[in-house]
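Shown next, in structure tokens, is the structure this report addresses.
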Protein chains: 2
Amino acid sequence: MDKLFQALASAPRREILDIVRDAPGCSVTHVCRYFDVSRIAVMKHLAVLEEARLLVSEKQGRTRRLYFNATPIQMIYERWTTEFSAMWAGRLTEFKRRVEGDKT
Amino acid sequence: MDKLFQALASAPRREILDIVRDAPGCSVTHVCRYFDVSRIAVMKHLAVLEEARLLVSEKQGRTRRLYFNATPIQMIYERWTTEFSAMWAGRLTEFKRRVEGDKT
DNA sequence: TCAATAGGTAACCTATTAGTTACCTATGAA
DNA sequence: TTCATAGGTAACTAATAGGTTACCTATTGA
């Protein structure tokens, strides 16, 4: 979970996700065209995204094909809605407690 | 957005959110009881969470009262579902393209 | 009033992150 | 076959994150 949020906590990396999502099977070089930093820097971002399972890749000849993987996002999405519900449940409990005049 | 994801990319910080959500208006010291690290370390986590607007605080006497703020989470939630839809839309487009025999 | 309590600031240390350059490997096309 | 291309590895640097201790300020209650 840490790695997932960590991977998403970077605008360039979120941009890479958009790029790969919109060009499934694209190469590393393709992604590099969108950035001013070195290829190595981009590859490090790719590694972070792959560790978070947000990208998967397969080697085809001398090029590495990149694919976006929505699964961890689905996980976050589901976990998130649950957490979100719990948060509001917590707030409602607090509200109820206050309304009923309980002491803090 | 970076600060928000960054703030969430740490298990202790997510735990702090849970603690404050479940004890609205609690003190810094209260939060510290749940962790083995120094109070200063906890306060730094609190600062990160406040920068991400996930916590708000008010000073009352010599104690600082902490409150969970769901607003940024709602923002993520909404942005996220949108992004999520877009991702699936992207995948569907790709699928359609393949089915229709278009070239890569 | 004065000591205990709650919190804040400063200075420092270490590990991680994000970038760089230099160099290496493997594939594919002329 | 050989050279341009796509990618990978290593070693280094600068900035940031996350922790520490020491010390300071302000409130509150006995």
Side-chain angles (χ1 to χ4, degrees), chain A residues 1-20 23-69 72 103-104, chain B residues 1-20 23-69 72 103-104:
Chain A
M1 183 60 80
D2 283 29
K3 283 187 177 178
L4 190 43
F5 278 120
Q6 187 65 46
L8 290 167
S10 148
R13 281 199 289 266
R14 292 193 301 272
E15 198 181 335
I16 289 177
L17 284 187
D18 290 336
I19 292 165
V20 175
C26 69
S27 66
V28 172
T29 306
H30 174 82
V31 174
C32 288
R33 278 195 276 271
Y34 292 81
F35 299 95
D36 275 342
V37 298
S38 72
R39 181 177 54 87
I40 315 302
V42 171
M43 282 175 57
K44 289 192 179 180
H45 283 306
L46 292 175
V48 171
L49 290 167
E50 271 201 82
E51 281 227 352
R53 317 279 310 150
L54 286 163
L55 286 184
V56 293
S57 68
E58 60 175 348
K59 198 70 177 286
Q60 183 176 337
R62 69 180 160 180
T63 82
R64 187 170 141 215
R65 301 205 161 277
L66 302 166
Y67 301 92
F68 170 70
N69 177 32
K103 276 193 181 169
T104 313
Chain B
M1 183 60 80
D2 282 30
K3 283 187 177 177
L4 190 43
F5 278 119
Q6 188 64 48
L8 289 168
S10 149
R13 281 197 290 265
R14 292 194 300 274
E15 198 182 336
I16 288 176
L17 285 186
D18 290 336
I19 292 165
V20 174
C26 70
S27 66
V28 172
T29 304
H30 174 81
V31 174
C32 288
R33 280 195 274 270
Y34 291 81
F35 299 95
D36 274 343
V37 299
S38 71
R39 180 177 54 88
I40 314 302
V42 171
M43 281 175 60
K44 287 191 180 180
H45 283 307
L46 291 174
V48 171
L49 290 167
E50 270 200 85
E51 281 226 351
R53 317 278 309 150
L54 286 162
L55 286 185
V56 293
S57 68
E58 60 175 349
K59 198 71 177 286
Q60 185 176 337
R62 69 181 158 178
T63 83
R64 188 170 141 216
R65 302 204 161 275
L66 302 167
Y67 300 91
F68 171 68
N69 177 31
K103 280 194 181 164
T104 314

Does any residue of residues 30-38 of chain B have a heavy atom under 4.0 Å from DNA chain C, and if so, which ones, in number order?
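Contacts with DNA chain C under 4.0 Å: none.
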Partners meeting side-chain hydrogen bond (donor to acceptor under 3.5 Å, both in side chains) with B/Arg64 (sequence neighbours left out)
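Partners of B/Arg64 under the side-chain hydrogen bond (donor to acceptor under 3.5 Å, both in side chains) test: B/Glu50, B/Ser57.
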Run the numbers on B/Tyr67 and B/Glu58 for side-chain contact (heavy atoms from CB on, under 4.5 Å), then give the verdict.
CA-CA 9 Å; B/Tyr67 300 91; B/Glu58 60 175 349; 3.0 Å; yes
Heavy-atom closest contact (B/Tyr34 atom, B/Glu15 atom, distance):
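That would be O-OE2, 4.5 Å.
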Tell me the closest heavy-atom pair linking B/Ala52 and B/Ala7, and the distance in Å.
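Between these two residues, the closest heavy atoms are CB-CB, 3.7 Å.
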Derivation of the side-chain contact (heavy atoms from CB on, under 4.5 Å) call for A/Arg65 and A/Ser27
CA-CA 5 Å; A/Arg65 301 205 161 277; A/Ser27 66; over 6 Å; no
Grab the N/O contacts between the protein and nucleotides 2-6 of chain D below 3.5 Å, and write none if there aren't any.
{"unit_1": "D/dT5", "atom_1": "O2", "unit_2": "A/Arg62", "atom_2": "NH1", "d": "2.7"}

Starting from the 5' end of DNA chain C, give me the residue, A/Gly61 or B/Cys26, whose nearest nucleotide shows up first.
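Its nearest nucleotide being more 5', the pick is B/Cys26.
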In Å, rounded to the nearest 0.5 Å, how long is the span from [atom1] of [X] to [atom2] of [Y]?
| X | Y | atom1 | atom2 | value |
| --- | --- | --- | --- | --- |
| A/Leu49 | A/Leu17 | CG | CG | 5.0 Å |
| B/Phe68 | B/Ile19 | CZ | CD1 | 13.0 Å |
| B/Leu46 | B/Ile16 | CG | CD1 | 5.0 Å |
| A/Asp2 | B/Arg13 | CG | CZ | 9.0 Å |

Can A/Leu8 and B/Met1 be said to form a side-chain contact (heavy atoms from CB on, under 4.5 Å), step by step?
CA-CA 9 Å; A/Leu8 290 167; B/Met1 183 60 80; over 6 Å; no
Side chain to side chain contact (heavy atoms under 4.5 Å, CB included), paired with A/Val20, selected from A/Leu54, A/Leu66, A/Val56
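Result: among A/Leu54, A/Leu66, A/Val56, A/Leu66 is the only option passing the side chain to side chain contact (heavy atoms under 4.5 Å, CB included) with A/Val20.
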Range on DNA chain C touched by chain A - first to last nucleotide, heavy-atom distance under 4.0 Å
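Here the contact window of chain A covers C/dA18 to C/dG28.
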Listing time: all N or O pairs from protein to nucleotides 11-14 of chain D that are below 3.5 Å?
none

Take B/Arg53 and B/Lys3 through the test side-chain contact (heavy atoms from CB on, under 4.5 Å) and record every step on the way to the result.
CA-CA 9 Å; B/Arg53 317 278 309 150; B/Lys3 283 187 177 177; over 6 Å; no
Donor-acceptor pairs under 3.5 angstrom involving side-chain atoms of residues 35-43 of chain A: please list them, not counting sequence neighbours.
{"unit_1": "A/Ser38", "atom_1": "OG", "unit_2": "A/Ala41", "atom_2": "N", "d": "3.2"}

Atom pair distance, as rounded to whole Å: CD in B/Gln6 and P in D/dA15:
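My rounded result for the distance is 18 Å.
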